[in-house]
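Structure record follows, encoded as structure tokens.
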Amino acid sequence: HLSIRRQRQMCIRDRVRSLSPDINSSPGRDRLPIGSPALQELYQLHEDRAAWERWQVEFTNWAEPSIREQFVDGVLRLGVGDYLPGFFQLGNLAFRDEPTDRTDYQQLRRQRAYWRALYPLAYESIVREWSDRRRLNPFLVMGLIRQESRFERTAQSTAGAIGLMQVLPSTANWIGPRAGANLVTPPSPSPKTRLPLTLHGGVVVGPSGKPKPKPIDLKDPEVDLAF
């Protein structure tokens, strides 16, 4: 039973991984539920830093924000790359206890803007490029980055994993020379996104009984993402 169940799970995983949906990120943005005309215009023009600075003037109810205020605060934080606090603001909307807040939250989560904010398409061009090259589902890659680092390029776990996909330095030191790049301290998010897409997930057991890395071919377009 467990074997059959596992086989089904692997089949579903492989189908999802091999899908190639188009990332349709329209340039238009949904209107913010609150905010002055100046704030709305800056947001629609993708002037995120200026919109965030304007919000600092308009948002005065920091101690007890409404559902809409907390949502806008989270959205604008994401716009300036302040991902962890932004996701915190958005995620905590579901835990508001007041009946009016619960009603407002249920109305908000029925809107497209809520889900677009909760699952942003950060680093879209990089993910699109390398997903196409490796024949991977770009949304699977995007989801992995969101889960592992919340899109924080400088994220570092207690285990020492770093970067968008939380790669361990030991893994980086092994694959880096083979890929002709230094994965540990790159100057931009590109290598941290690219190299995990070229890493084959899997190990083989050597004569000593200890796992050792399986040889990989970085030019093979069928190489998987390493989970």
Side-chain angles (χ1 to χ4, degrees), residues 23 25 29 42-43 46-56 59 62 65 70-95 114-134 136-201 213 216 218 223-227:
I23 300 180
S25 57
R29 285 179 164 181
L42 289 170
Y43 179 68
H46 294 255
E47 296 290 343
D48 294 321
R49 179 59 60 180
W52 172 248
E53 292 173 356
R54 177 74 187 186
W55 179 243
Q56 305 311 297
F59 185 30
W62 293 91
Q70 186 171 327
F71 172 75
V72 171
D73 189 67
V75 169
L76 295 179
R77 285 179 181 275
L78 295 180
V80 294
D82 201 6
Y83 289 107
L84 290 180
F87 281 125
F88 179 83
Q89 289 288 70
L90 297 175
N92 276 2
L93 291 171
F95 299 101
Y114 172 76
W115 299 103
R116 292 179 74 175
L118 202 59
Y119 298 96
L121 300 178
Y123 305 108
E124 177 188 341
S125 60
I126 298 172
V127 171
R128 185 198 300 270
E129 175 188 355
W130 288 98
S131 295
D132 287 345
R133 292 194 184 190
R134 299 299 172 190
L136 293 169
N137 184 337
F139 289 107
L140 183 62
V141 177
M142 197 80 72
L144 178 66
I145 296 175
R146 184 188 185 279
Q147 180 64 29
E148 290 293 332
S149 65
R150 293 294 191 268
F151 300 105
E152 288 284 354
R153 184 169 64 88
T154 59
Q156 182 167 348
S157 72
T158 55
I162 63 172
L164 295 176
M165 288 188 173
Q166 291 293 278
V167 179
L168 286 168
S170 57
T171 305
N173 291 333
W174 174 72
I175 193 175
R178 292 164 174 79
N182 180 2
L183 187 62
V184 179
T185 56
S188 72
S190 183
K192 289 184 182 179
T193 308
R194 172 170 58 86
L195 293 182
L197 299 184
T198 66
L199 177 61
H200 191 287
I216 62 173
L218 296 179
V223 166
D224 308 342
L225 192 102
F227 287 103

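Everything numeric here is computed off the predicted structure, so don't read it as measured data. Values reported hereafter were calculated over all heavy atoms of this structure, with side chains retained and with hydrogens, waters and symmetry mates removed. Positions are given from 1 along the sequence.
Of all the heavy atoms in Leu164 and Glu148, the pair that sits closest is O-CB, 3.9 Å. Across all their heavy atoms, Pro138 and Ser131 have their closest contact at CA-OG, 3.5 Å. Of all heavy-atom pairs between Glu124 and Met142, the closest is CA-CE, 4.2 Å.
Screening residues 155-169 for side chain to side chain donor-acceptor pair (under 3.5 Å), with sequence neighbours left out, gives no hits.
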Could you give the side-chain donor-acceptor pairs of residues 72-88 under 3.5 Å, partners two or more places apart or in another chain?
| unit_1 | atom_1 | unit_2 | atom_2 | d |
| --- | --- | --- | --- | --- |
| Asp73 | OD1 | Trp55 | NE1 | 3.0 |
| Asp73 | OD2 | Arg77 | NE | 2.9 |
| Asp73 | OD2 | Gln89 | NE2 | 2.8 |
| Arg77 | NH1 | Asp82 | OD2 | 3.2 |

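Annotation: side chain to side chain contact (heavy atoms under 4.5 Å, CB included) contacts of Glu47 (sequence neighbours excluded): Leu42, Leu45, Ala50. Looking at residues two or more places apart in sequence or on another chain, you find a salt bridge (charged side-chain N to carboxylate O under 4.0 Å, His left out) between Glu129 and Arg133. For Gln56, the side chain to side chain contact (heavy atoms under 4.5 Å, CB included) partners two or more places apart in sequence, or in a different chain, are Trp52, Trp62.
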Open item on the list: Go through it in stages, so that I can follow the logic: the residues are Leu93 and Tyr114, the test is side chain to side chain contact (heavy atoms under 4.5 Å, CB included), and I'd like the CA-CA distance, side-chain angles, deciding distance and then a yes or no.
Closed with: CA-CA 11 Å; Leu93 291 171; Tyr114 172 76; 4.2 Å; yes
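Put simply, CG on Leu121 and CZ on Phe151 are 7.5 Å apart, with the number rounded to the nearest 0.5 Å.
Proximity of a side-chain donor or acceptor of Arg29 to a complementary backbone N or O of Tyr43 within less than 3.5 Å is detected.
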